[in-house]
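Labels below follow one simple rule: chain letters A, B, ... track the order of the sequence lines, proteins then strands, and each chain is numbered from 1.
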Amino acid sequence: MPYSPAAALIPWYRAHARDLPWRRPEYLERYGAWGVLVSEFMLQQTPVTRVIPHLEAWLARWPDPAGLALATPAQVLQQWANLGYPRRALWLHRAAVQIVQQHGGLVPRDVDALLALSGIGDYTARAVAAFAFGDRHPVVDTNTRRVIARAVHGRAQPDPPSRRDLDDMLTLLPHDPESAAIVNAAAMELGATLCTARAADCGACPLAGLCAWRAAGYPEGEDRRRRQAKYEGSDRQARGGVLRALRHAVEHRLPADAVLADWPDRVQRDRAIDSLIADGLLEAADGVLLLPR
DNA sequence: TTCCAGTAAG
DNA sequence: CTTACGGGAA
C-alpha cells in the first residue's frame with residue numbers, strides 16, 4: 001500500500017485514465033497550449049461528453065488564437081452552439097484578442113498572465129499552466145474538491161470553494177512538476193469516475209486505504225449545498241431560447257417581435273433580451289435582433 | 001432534482 | 001462570500 005495519495009494516484013492514473021482528446025499527444029502537438037485553453041473553456045460547467053464533439057470542430061475552424069481573434073462574435077456564438085453559458089464564448093474570443101495583442105499570439109505560461117485574460121479564473125489558469133506547460137501548480141475543480149473533502153478531511157461534501165482549496169491541493173503535490181501535473185489530473189479523474197457526487201466506488205479506489213471518509217465510516221456530515229433554482233420558466237431558459245432562435249436564423253437576425261413570440265411572460269421575455277444586450281450577446285437595430293457583429 | 005474539468009459581478 | 005449564468009442527462 002502506497003504511503004501518500006500521490007504515490008497511489010500516479011500508477012492508478014496511468015492504468016485507468018480515460019482516453020480524452022486533450023490528453024492525446026497528437027492533440028497537444030497540433031494545438032499546443034491553445035488546444036488546452038479552448039478545451040478548458042468548454043469544460044467550465046459543461047460535462048466532458050458534451051464538449052468532445054464541439055471541441056474538434058472549433059479547433060478545425062480556429063486552430064490558433066490569431067484565427068479566433070479575427071472572427072466576429074456572431075460567428076463565435078454560432079460555433080459555440082448549445083454548449084451553454086454563451087458568455088464563455090465571448091470571453092474566449094476576447095482572450096484570443098488579448099493573447100494576440102499582449103502576448104504575440106502565444107498563450108502565456110505565467111499564471112498571473114493567464115489570470116489576467118478574459119474568462120480565466122483560478123481553475124483554468126492553473127490547468128493551462130500545469131497541463132499545457134508542465135508547471136507545478138494546484139489545479140482544483142469540483143471533482144478535486146470532493147476527493148480532498150472525502151479522502152483528506154473525512155467529509156462527504158466539500159465546503160464552498162475558497163482559496164484554501166489551492167493550499168490543500170498543493171500539499172498533495174509531489175516536488176517534481178511532471179508528477180505534480182499527473183496528480184492534479186488524477187484527482188480530477190478520480191472524482192469524475194469513481195468518487196462521484198452520486199456514488200463512491202471505494203472497491204476500485206486507489207485511495208481507499210488512506211481515505212479519511214472511509215476510515216470514519218462514511219459520515220454524512222452537514223449538507224450545506226444550496227438548492228438549485230428551477231430552470232423551467234426561468235430567465236436563463238428565456239435567454240437560451242432567444243439565442244437559440246438567432247443561431248438558427250438566416251443571417252443570425254430576426255424581427256424583434258418574432259423572437260420568442262410564444263413565450264408566456266412578455267415582461268420576462270423583454271427582460272431576457274435586455275440582459276442579453278447588456279452582456280454583449282445580442283444587438284438591437286430598428287426592430288431587428290441580431291447576434292453581435 | 002442534482003450535477004457538471006467555473007467565472008465575474010454584486 | 002453569495003448569486004446569476006445553459007442545457008442535457010442520470
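The aromatic ring of A:Tyr85 is stacked on the base of C:dG6, with the two ring centres less than 5.5 Å apart and the planes inclined by under 30°.
With both ends at atom C1', the span from C:dG6 to B:dT2 equals 15 Å, rounded to whole Å. Annotation: B:dA5 and C:dA10 have their P atoms spaced 13 Å apart (nearest Å). Remark: the separation of the C1' atoms in B:dC4 and C:dC1 is 22 Å, to the nearest Å.
If you take CD on A:Glu283 and CG on A:Leu276, they are separated by 12.5 Å, rounding to the nearest 0.5 Å. Atom CG of A:Leu92 and atom CG of A:Leu37 lie 6.0 Å apart (nearest 0.5 Å).
For B:dA5, the base has a donor-acceptor partner in the side chain of A:Arg23 [N/O atoms by modelled type, under 3.5 angstrom]. Residue A:Arg50 places a side-chain atom within donor-acceptor reach of the base of C:dG7, judged by atom type and a 3.5 Å distance cut-off alone.
Take the nearest nucleotide of DNA chain B for A:Arg227 and for A:Ala125: the residue whose nucleotide is more 5' is A:Arg227. Remark on DNA chain C: of its neighbouring residues A:Leu276 and A:Arg198, the 5'-side contact belongs to A:Leu276, judged by nearest-heavy-atom nucleotide. Nearest-nucleotide mapping onto DNA chain B: of A:Leu43 and A:Trp91, the residue sitting toward the 5' end is A:Leu43. Of the two residues near DNA chain C, A:Thr49 and A:Ser162, the one whose nearest nucleotide lies more 5' is A:Ser162.
Atom pair A:Leu83:CG and C:dC5:P shows a separation of 19 Å (rounding to whole Å applied). Counting to the nearest Å, the C1' atom of C:dA4 and the CD atom of A:Gln45 are 12 Å from each other. In this structure, NZ of A:Lys230 is placed 7 Å from P of B:dT1, rounded to the nearest angstrom. Between A:Ile52 atom CD1 and B:dC4 atom C1' the separation is 14 Å, expressed in whole Å. When the C1' atom of B:dC4 is taken as reference, atom CD of A:Gln228 falls 10 Å away, rounded to whole Å. Here the P atom of nucleotide C:dG6 and the CZ atom of A:Arg87 are 6 Å apart, to the nearest Å. For the pair A:Leu281 CG and B:dT7 C1', the computed distance is 14 Å after rounding to whole Å. Rounded to whole Å, atom P of C:dG7 lies 16 Å from atom CD of A:Gln44.
Using a 4.0 Å heavy-atom criterion, one finds that A:Ala127 contacts no nucleic acid atom at all. At the heavy-atom level, A:Gly84 lies under 4.0 Å from base atoms of the strands shown. Counting non-hydrogen atoms under 4.0 angstrom, A:Pro86 reaches the backbone sugars and phosphates but no base. Looking at heavy-atom distances under 4.0 Å, A:Asp279 makes no contact with the nucleic acid at all. Using a 4.0 Å heavy-atom criterion, one finds that A:Thr142 contacts the sugar-phosphate atoms exclusively. Within the 4.0 angstrom heavy-atom criterion, base atoms lie near A:Trp22.
Close to B:dG6, at under 4.0 Å from its OP1 or OP2, lies no side-chain N or O of A:Thr124. Between A:Asn143 and B:dA5 there is a side-chain N or O to OP1 or OP2 distance below 4.0 Å. For C:dG6, the OP1/OP2 oxygens have no side-chain nitrogen or oxygen of A:Asn82 closer than 4.0 Å. Applying the 4.0 Å criterion to OP1 and OP2 of C:dG6, one finds that A:Arg239 has a side-chain N or O inside that range. Look at A:Tyr231 and you'll find a side-chain N or O under 4.0 angstrom from OP1 or OP2 of C:dG7.
Of all the heavy atoms in A:Ala238 and A:Leu260, the pair that sits closest is O-CD2, 3.5 Å. The two residues A:Pro292 and A:Leu77 come nearest to each other via the heavy atoms CD-CD1, 3.9 Å.
Linking ILVMFWY side-chain heavy atoms closer than 4.5 Å, directly or via other members, places A:Ile273 and A:Leu254 in a single hydrophobic cluster.
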| request: Could you check A:Asp122 against A:Arg163 for salt bridge (charged side-chain N to carboxylate O under 4.0 Å, His left out), going step by step and ending with a plain yes or no? | output: CA-CA 9 Å; A:Asp122 285 330; A:Arg163 305 308 297 248; 3.7 Å; yes

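A donor-acceptor contact under 3.5 angstrom links the side chains of A:Glu40 and A:Tyr123, judged on distance only.
Nearest to the side chain of A:Arg146, among B:dG6, B:dC4, B:dA5, sits B:dC4.
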